[in-house]
Amino acid sequence: MTSIKDSGNISKEDGIVTVKGWVQDIRNLGGISFITLRDRHGTLQITMPKKKIDPDLFESLTRLSRESVIAVTGEVKESNQTALGVEVIPTAFELCSEAGVPLPMGVVDKVNVEMDTRLNNRFMDLRKPEVKAVFEIRSMVIGLISEAMAKNGFVNINTPKIVASGAEGGATLFSVDYFGKPAYLAQSPQLYKQMLMSTGLDRVFEIGPAFRAEHSNTNRHVTEFISFDGEMAWINKEEDVMAMIEEAIDYVLVNLKERGKKHLEVLGKEITVPKRPYPLLTYTECLKMAVDRGLPLKDGDDLGTEGEKIIGDIMAEKGNDLYFIIEYPEEAKPFYIMEKEGTGLSFSFDLDYKGQEISSGGQREHRYPELVKRMEKKGLDPNDFESYLNAFRYGMPPHGGWGIGVDRLVAKILDLPNVREAILFPRDIGRLSP
RNA sequence: GCCCCGGUAGUGUAGUGGCCUAUCAUGAAGCCCUGUCGAGGCUUCGACUCGGAUUCGAAUUCCGGCCGGGGCGCCA
């Protein structure tokens, strides 16, 4: 009997098998030749002793181009000279797809390949186990987020990505021609998830794309990213939101450490689950810490990237990879954030992970008159937000929420040097293809 | 948007006015080899981002375009 197996779970007891995959490498020693066959799960050696197999079979297998896709039928034999402890002696094979020569980039070559070349040939790049593993992990992270949210009674929602107005102002919106009317790609589900707080669906979350036409050129910005947004009603203060996000992230890390073992091993990474509760730093404290380390900042200055990194280093020394920064000045935060009356501060927070912001959130302004005041203070015209504001006119509970960059989260969990490494086909200011 | 830096075979690099008919590795093609797994040995193939300028002479200097990298601002 012939069975189809992936290369990761083959044993001698299988007898005759058919294995399918990519020809990663061929080593012809003259009287014997070897193929390393690769699939999603690993590699398997096909061994061809010249005198023991059909000469035509030996010849055609040995002459294949690297990365061709084949199906090989043969007998599984034990071998103390292969990593798996088994090898397959072929009796037949089918060439499913012949790979062109030369390859645009090697899968196992001993040369570095630049990220640009890799992204231009992402299909090939993803054949590398260590690249593929990132996306196995990413898939788990997203699954674990959903589990954590479901456990806490959150409803999984989808909000429109083609919208009539932005949440944060016009400069970073992508324009779309919507049957002759001006429209935009959504920067954030912010306004929609807040509107839902007035419906009784009092805990919602969404994992979906967000678009920002920012001319950013950094290792942590792309123009299309995946945002994990949450919003919850009936909160007393922004700490209720922070407790929820902490619980969700802890759930992700704890379970990923367990379930992601195989992929983490491929990447040579270990997950350190930070102690709970995550420390709270006020914005003012952070400024002071940065100044103490020699950064020339004044009161009211922005912490900046360098400041963020310094705080990250200080917290890392204490073993805190994740920490909240609270009490941001209200003018640094959007209109929908609630002010701490008379202080110039706001009920908002950022969550930083290893010196980089991965999330921001806070308590929202749910009181209609105050909300309109904040809009005006920010130079926005309330008339442009009529359908949003309507939801606040007829009974809106206190609420708050957050947004987390999923790509950044994955990049930080795995210590990837660039957020693009955590995105299959990243979109940035210069990249629209593939 | 601002400030730096770069572009040499399929991939990754060396080369800072003539020694370049351009280095090395990887790759590809061919040959030898019965236990390789970064196989080994021998032979061969393959490149100066584009357009101008300077010069007797440009991969090398200058200007512009295109493409890319790093950093900042902004944020997720």
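Scope of the values below: all heavy atoms of this structure, side chains included, with no hydrogens, waters or symmetry mates. A note on names: the letters A, B, ... follow the listed sequences, proteins ahead of strands, and every chain is numbered from 1.
Residue pairs meeting the salt bridge (charged side-chain N to carboxylate O under 4.0 Å, His left out) criterion with at least one member in residues 311-326 of chain A, sequence neighbours excluded, are A/Arg293-A/Glu317. Residue pairs meeting the side-chain hydrogen bond (donor to acceptor under 3.5 Å, both in side chains) criterion with at least one partner in residues 99-113 of chain A, sequence neighbours excluded, are A/Arg66-A/Asp109. Residue pairs meeting the salt bridge (charged side-chain N to carboxylate O under 4.0 Å, His left out) criterion with at least one partner in residues 413-429 of chain A, sequence neighbours excluded, are A/Arg118-A/Glu421, A/Lys354-A/Asp415, A/Arg420-A/Asp428.
Each of B/rG12, B/rU34, B/rC75 was ranked by its minimum atom distance to the side chain of A/Ile32; first place goes to B/rU34. Of the candidate nucleotides B/rG35, B/rG10, B/rA76, B/rG35 has the atom nearest to the side chain of A/Ser79.
With sequence neighbours excluded, the residues that form a side chain to side chain contact (heavy atoms under 4.5 Å, CB included) with A/Leu126 are A/Arg122, A/Val131, A/Phe135, A/Leu424. Residues forming a side-chain hydrogen bond (donor to acceptor under 3.5 Å, both in side chains) with A/Gln363 (at least two apart in sequence, or on another chain): none. Taking A/Lys377 as the reference, A/Glu330, A/Glu339 meet the side-chain hydrogen bond (donor to acceptor under 3.5 Å, both in side chains) condition, with sequence neighbours excluded. Evaluation of the side-chain hydrogen bond (donor to acceptor under 3.5 Å, both in side chains) rule for A/Thr305 yields A/Arg220 as partners, not counting sequence neighbours. Contacts of A/Lys340 classified as side-chain hydrogen bond (donor to acceptor under 3.5 Å, both in side chains), with partners at least two apart in sequence or in another chain: A/Glu327.
B/rG12 is paired with B/rC24 under the Watson-Crick or G-U wobble criterion, all donor-acceptor distances under 3.5 Å. As the counterpart of B/rG64, B/rC50 is assigned, both hydrogen-bonding distances of the Watson-Crick or G-U wobble pattern falling under 3.5 Å. Summarising the base pairing, B/rC2 is matched to B/rG71 through a Watson-Crick or G-U wobble pair whose two defining distances lie under 3.5 Å. Remark: B/rC42 base-pairs with B/rG30; criterion is Watson-Crick or G-U wobble with both hydrogen-bond distances under 3.5 Å.
Less than 6.0 angstrom separates the ring centroid of A/Phe228 from the ring centroid of A/Trp402. Under the 6.0 Å cut-off for aromatic ring centres, A/Tyr278 and A/Tyr323 do not qualify, their centroids lying 6.0 Å or more apart. For A/Phe324 and A/Phe349, the distance between ring centers is under 6.0 angstrom.
As rounded to the nearest Å, B/rU8 and B/rC4 have P atoms that lie 23 Å from one another.
Residue A/Pro49 is classed as having no contact, given no heavy-atom separation below 4.0 Å to the nucleic acid. Residue contacts shown for A/Ser216 include a base, since a base heavy atom lies under 4.0 Å away. Base engagement by A/Glu87 is indicated by at least one non-hydrogen atom pair under 4.0 Å involving a base atom. Counting any heavy atom pair closer than 4.0 Å across all strands shown, A/Val406 reaches no nucleic acid atom.
For B/rU36, neither phosphate oxygen OP1 nor OP2 lies less than 4.0 angstrom from any side-chain nitrogen or oxygen of A/Thr47.
By the stacking rule of 5.5 Å between ring centres and under 30° between planes, A/Phe34 does not stack on the base of B/rG35.
Using a cut-off of 4.0 Å between Lys/Arg side-chain N and Asp/Glu carboxylate O, A/Asp116 and A/Arg431 are scored as salt-bridged. Between A/Lys151 and A/Glu247 there is no salt bridge, since none of the side-chain N atoms of the basic residue sits less than 4.0 Å from a carboxylate O of the acidic one.
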Pairwise N/O distances under 3.5 Å, protein to nucleotides 37-39 of chain B:
from   : atom 1 : to      : atom 2 : distance (Å)
B/rC37 : O4'    : A/Arg27 : NE     : 3.2
B/rC37 : N3     : A/Gln81 : O      : 2.8
B/rC37 : N4     : A/Gln81 : O      : 2.3
B/rA39 : OP2    : A/Asp25 : OD2    : 3.4
B/rA39 : N6     : A/Asn28 : O      : 3.3

Between N or O atoms, less than 3.5 Å apart, protein on one side and nucleotides 66-71 of chain B on the other: list the pairs.
from   : atom 1 : to       : atom 2 : distance (Å)
B/rG68 : OP1    : A/Gly430 : O      : 3.4

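For the residue pair A/Gln194 and A/Tyr336, no side-chain donor N or O sits within less than 3.5 Å of a side-chain acceptor on the partner.
Within residues 56-69 of chain A, the residues having any heavy atom under 4.0 Å from RNA chain B are, by residue number, A/Arg63, A/Arg66. Against RNA chain B, the stretch residues 120-150 of chain A makes no heavy-atom approach under 4.0 Å.
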